[in-house]
Amino acid sequence: MADKKLLLIDGNSVAFRAFYALYRQLESFKSPDGLHTNAIYAFKNMLDVLLKDVDPTHVLVAFDAGKVTFRTKMYGEYKGGRAKTPEELLEQMPYIQEMLHDLGIKTYELKNYEADDIIGTFAAKGEKAGFTTTIVTGDRDLTQLASDKTTVEVTKSGVSQLEAYTPEHMKEVNGVTPTEFIDMKALMGDNSDNYPGVEGIGPKTASNLIQEYGSVENLYDHIDEMKKSKRKERLIHDKDKAFLAKKLATIDRDSPVTLDIDDVKRQPVDYEKLRQFYEKMNFRKFLAELNASGAGQGSADVEKVEYTVLNDDNVKDVKATEKDTVEFYLEMLGANYHLAPFVGFSLKLNDKIYVSRDVELLEEDNIKHILEDEKIKKNVFDLKRTMVAAHRLGIHTHGLDYDMLLASYLINNENNSNDLGEIAHLYGDYSVKTDLEVYGKGKSEHVPDDDDELFNHLASKVNAIEKLKPELLKKLKEHEQDALFDTIEIPTARVLARMEMNGMKVEASTLLQLQNEFAIKLKELEDKIYSQAGEKFNLNSPKQLGHILFEKLGLPVIKKTKTGYSTSVEVLDQLKTQSPIVSEILDYRQIAKIQSTYVKGLLDVIQPDGRVHTRYLQTLTATGRLSSVDPNLQNIPTRTEEGKQIRKAFVPSEPDGYIFSCDYSQVELRVLAHVSGDQNMQEAFKTGYDIHSHTAMKIFHLDSPDQVTPLMRRHAKAVNFGIVYGISDYGLSKNLGISRKRAQEFIDNYFEQYPQIKDYMNKAVQEARAKGYAETIMHRRRYLPDIHAKKYTVRAFAERTAINSPIQGSAADIIKIAMINMQKKLDELHLKTKMVVQVHDELIFDVPKDELETIKKIVPKVMQSAVKLDVPLIADSGWGHNWYDAK
DNA sequence: CTCGTCACG
DNA sequence: ACGTACGTGACGAGT
């Protein structure tokens, strides 16, 4: 006999929270009939969690019956002035009730009473009958019901997090017992329910008074003994209000409900009706869960997967031939696969799944052979992660030629999840859970002790990789992305894995020396700034800095942020002339940034091998670029001299070796010249002009490059950049500090001189409107649903994106091809040189001394011939004994 | 965990 | 009359 457990839910308040938890998806959650369904969906999700955690025998969801209650009769203003419940939520309420009914859960409302009173009454009934009770609500009022038998769970930040109010927790939060909480409210009133208490008494004072006197009644019995004070006067003056507030705050625990506790016992689920309901609402996820559970068998557990647990004895039996295809998944806990602890693995072969926690089994000859033999093809999820992790076990993987993560990223990169479960769900496969569900997150992230739970998860992963492969490949084909997948992304993943594993050597001694130098400079600047400000403050706090500059020193406010004064470079630059403190703050900021992010930051991530091993995120950006984390090697300073010093710490692995750098010249503008077919711009590139000077000549109507002044070139350069970003007169004027009118003139002249660029921009927007996405030269897609938005700002943003994405994305395609060809060349020539870093349009190499001459010849050649465009691709090289000197 | 800020292409 | 440049990641402060 199960324990008697009662779950009481405040239906209105939880529905309200559910509605706002998915408010941003309001318009995407719609039934075929046009009904909003976000609150229904989120309510069900939350209910599932509760049913699982609480595992109740009895459940009741209470609703408010209407506006008029005994409280409004007592006090007309009760809950007055509240914002109306949105229509989009109201329309969902009956359906939530319908769903609960299908789920075998009782709902109840009672005329003249609030849901709170129904819950209070049932909680009392439950305590009497020996139930353990859990109350769920979004409203703190109900916490007065907490007792040793009754816990009140209050939703916080959305609906996923609950704060459990036990009497102990209540004491911690409010300093009083649950019953005393009513008295506290009597004194302080309740703003959200719109009734006052005693004027001038807030939560702190109320709590202290009740802790001293125990109750409102007792307080007023002893009010004469209180020494004369403003507070005493107010207490006496508002006595009636306090007693009224107490009545309003008290939940009726004996309301005339017509149900008994046995009436709220959980009933069997009506699967047929529930299925119809989910279909009506278009809840694919819940439908799939119904199907997976075999609908009607009672339990809603995720499908059981058959698997064999491998150990030292049976591991030898696993055999594969060249005809076999294998699914393989290697699990680690945490994102950083260079260091993350191993959890286990799963391997699917000939319809059998093998699992184990013991990753050393992978090093057994027969398994190792399967993973290393090029001819035995492996399907994985996250090729790069798998390859790097296997390498830690001494396994040199080959034949990994399908990656579910990469495929799903190419098909649609709107969702940038890296979770196998989440991605499977996108394709309607709910047989695999998310890592979040199995491992948790943050502090409570852990591997389940239960073997079956873990092995089921790992087994369901290889299953999903196999099951969804045909569908994903079909989609790639439909998108004309098979070549992008097979000849660019998969090979790029392999190249990146090698770059990451190799890492780049960073000299801690150089950084430590810089740290000392910067610390001295920072101290000097700090002292100067404090003396001018007349006080010490935290220079790193924009809030405190804003206070000093704009209130204490009275400098003019140029720009505000959501939270206060803006103190950005843009603002401070304009204030430089007003006070010498401003320039010093700018200097401080610049050095502090370098010190914290680069000097300290890099020192923290140098591994015992003296190198940093970044991770390139290949499935993150909207455009197809890579990003780099832990550490980010794509934003090492280069623009200021102090910042550049950081690059001196990046050195070749051999003391007399070289860092070799090669970057594309104007790759994005060349792509633009190519895709637009603009004759004038193509001509400029073909002739080998400096493109910015050429543009200056054109837009300023000059006859010869000699007439171009540095200022003109700077302006022209900004226009060129602006074009790539989807220009506006405003943006350009702000960037150059010129008038909007002047900026517009530049733009007009530009389009006059490069007419096909303008055609391209129009065409890019039109195409995105027609197809719903923008595309690169290699068919990489970016979906742009906002291109049809009603709001000008939202739509305009999508339009600029439609212009920029094919340019930025095609440039990303090009350098990926160059990297693949480059790695191939290094291998073919058996060079020891390593490719170590990619920064969007440049590649960095770690070169042994005797290979420098070869590298100088081949790297630019390979980069320049990566693709054939209508304009030449040019790459410039530099080298030196560290990254700083490789310019 | 979000914001402001600033490093890069 | 609107309100804007494109793509990223890391830090310290402050809630």
Side-chain angles (χ1 to χ4, degrees), chain A residues 156-158 161 413 416 441-442 537-546 559-572 585-586 588-602 604-605 614-617 620-640 642-644 646-647 663-664 666-668 672 718-736 740 743 747 764 774 782 791-809 811-812 815 837-842:
Chain A
K156 54 177 204 182
S157 63
Q161 294 285 321
N413 62 14
N416 59 8
K441 71 165 174 184
F537 62 99
N538 189 342
L539 257 166
N540 297 317
S541 160
K543 193 178 164 195
Q544 295 182 35
L545 180 60
K559 198 175 141 201
K560 289 197 142 200
T561 65
K562 262 186 267 179
T563 48
Y565 309 111
S566 170
T567 64
S568 65
V569 187
E570 194 193 333
V571 170
L572 296 190
I585 290 166
L586 282 167
Y588 175 90
R589 276 260 181 88
Q590 201 229 317
I591 296 171
K593 170 84 179 187
I594 294 163
Q595 183 78 312
S596 67
T597 303
Y598 298 101
V599 179
K600 290 216 181 79
L602 277 171
D604 284 345
V605 292
T614 186
R615 277 148 46 228
Y616 290 103
L617 306 188
L620 181 138
T621 69
T623 55
R625 274 190 178 181
L626 302 175
S627 85
S628 159
V629 295
D630 269 358
N632 180 355
L633 292 184
Q634 293 181 319
N635 71 346
I636 303 300
T638 182
R639 291 172 193 174
T640 69
E642 277 102 339
K644 256 191 190 168
I646 297 293
R647 295 183 171 229
D663 69 305
Y664 282 116
Q666 309 300 345
V667 64
E668 292 192 349
L672 176 62
V719 180
N720 275 327
F721 274 105
I723 293 291
V724 170
Y725 297 151
I727 201 158
S728 73
D729 57 354
Y730 178 86
L732 184 64
S733 73
K734 208 167 62 140
N735 189 295
L736 285 176
R740 245 171 110 152
I747 296 168
R782 176 169 186 179
K791 268 192 165 169
Y792 169 80
T793 44
V794 177
R795 188 176 64 249
F797 183 42
E799 289 172 356
R800 292 196 295 275
T801 312
I803 294 166
N804 174 265
S805 289
I807 301 172
Q808 195 183 112
I815 197 164
V837 178
Q838 186 253 44
V839 197
H840 311 306
D841 65 357
E842 66 178 311

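Proteins come first, then strands; the chains are lettered A, B, ... in the order of their sequence lines, and each starts at number 1.
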Residue closer to the 5' end of DNA chain C, A:Y730 versus A:Q808 (nearest nucleotide): A:Y730
Rounded to the nearest 0.5 Å, what separation is found between the CD1 atom of A:I803 and the CD1 atom of A:I727? 10.0 Å
Which residues, if any, of residues 560-569 of chain A bring a heavy atom under 4.0 Å of DNA chain C? none
Determine whether any donor atom in the side chain of A:Y725 lies under 3.5 Å from an acceptor atom in the base of C:dG7, or the reverse, and answer yes or no. no
A:R647 CZ to A:T638 OG1 distance, which is reported to the nearest 0.5 Å: 4.0 Å
Between CG on residue A:L672 and CD1 on residue A:I807, distance to nearest 0.5 Å: 4.5 Å
Need one value for A:A802: base, sugar-phosphate or nothing, where a base atom within 4.0 Å counts as base even if backbone is also close, heavy atoms only. nothing
Sugar-phosphate only, base, or nothing, as touched by A:Q590 at under 4.0 Å among non-hydrogen atoms: sugar-phosphate
What dot-bracket string describes DNA chain C from 5' to 3', counting Watson-Crick and G-U wobble pairs whose defining distances are under 3.5 Å, with [ ] for crossing pairs and | for pairs to another strand? .....|||||||||.
Whole-Å distance, A:N720 CG to C:dC6 P, equals 17 Å
Using the P atom on both, measure B:dC3 against C:dT4 and round to a whole Å. 16 Å
Within the structure shown, what part of the strands sits under 4.0 Å from A:R589 by heavy-atom distance: base, sugar-phosphate, or nothing? sugar-phosphate
In whole Å, measure the gap between the P atoms of B:dG4 and C:dA5 for me. 14 Å
Please list all pairs passing the salt bridge (charged side-chain N to carboxylate O under 4.0 Å, His left out) test where one or both residues lie in residues 624-636 of chain A, with sequence neighbours left out. A:R615-A:D630, A:R625-A:E668
Interatomic distance, A:D841 CG vs C:dG7 C1' [rounded to whole Å]: 13 Å
Can you name the residues that form a side-chain contact (heavy atoms from CB on, under 4.5 Å) with A:T597, not counting sequence neighbours? A:K593
Applying side-chain contact (heavy atoms from CB on, under 4.5 Å), can you list everything that pairs with A:S568, at least two apart in sequence or on another chain? A:S566, A:E570, A:V571
Side chains of A:L633 and A:V839: does their closest heavy-atom pair fall under 4.5 Å? no
What distance do A:R782 atom CZ and A:T621 atom OG1 have between them, rounded to the nearest 0.5 Å? 8.5 Å
Extract all donor-acceptor atom pairs below 3.5 Å that involve side chains of residues 537-545 of chain A and protein atoms in other chains or at least two apart in sequence.
| unit_1 | atom_1 | unit_2 | atom_2 | d |
| --- | --- | --- | --- | --- |
| A:N538 | OD1 | A:N540 | N | 2.9 |
| A:S541 | OG | A:K543 | N | 3.3 |
| A:S541 | OG | A:Q544 | N | 3.1 |
| A:Q544 | OE1 | A:N538 | N | 2.8 |

Quick one: side-chain contact (heavy atoms from CB on, under 4.5 Å) partners of A:S596, sequence neighbours excluded? none
Going from CG on A:L602 to CG on A:N632, what distance comes out if it is rounded to the nearest 0.5 angstrom? 9.5 Å
Atom-to-atom span, CD1 of A:I803 to C1' of C:dG7 - whole angstrom: 15 Å
Which whole number of Å gives the distance between the P atom of B:dC6 and that of C:dA1? 34 Å
Touch check for A:R795, heavy atoms < 4.0 angstrom, all strands: base, sugar-phosphate only, or nothing? nothing
Results of salt bridge (Lys or Arg N to Asp or Glu O under 4.0 Å) for A:E799 - residues two or more places apart only: A:R769, A:R795
Interatomic distance, A:T567 atom OG1 to A:K559 atom NZ [nearest 0.5 angstrom]: 10.0 Å
5' to 3' contact window, DNA chain B with chain A (heavy-atom distance under 4.0 Å): B:dC3 to B:dG9
Check ring-ring contact (aromatic ring centres under 6.0 Å, His included) between A:Y565 and all other residues, then give those that pass, not counting sequence neighbours. A:F550
Identify, with sequence neighbours excluded, every residue that meets side-chain contact (heavy atoms from CB on, under 4.5 Å) alongside A:K734. A:Y730
Between protein and nucleotides 8-15 of chain C, map the contacts as a letter string: B base, S sugar-phosphate only, - none, heavy atoms under 4.0 Å, written 5' to 3'. SBBSSSSS
Distance check needed: C:dG7 P versus A:H840 NE2, whole Å only. 13 Å
Identify whether any heavy atom of A:F721 sits under 4.0 Å from a base atom; if not, whether one sits that close to sugar-phosphate; answer base, sugar-phosphate or nothing. nothing
Name the nucleic acid region contacted by A:G726, choosing base, sugar-phosphate or nothing; use a 4.0 angstrom heavy-atom cut-off, strictly under. nothing
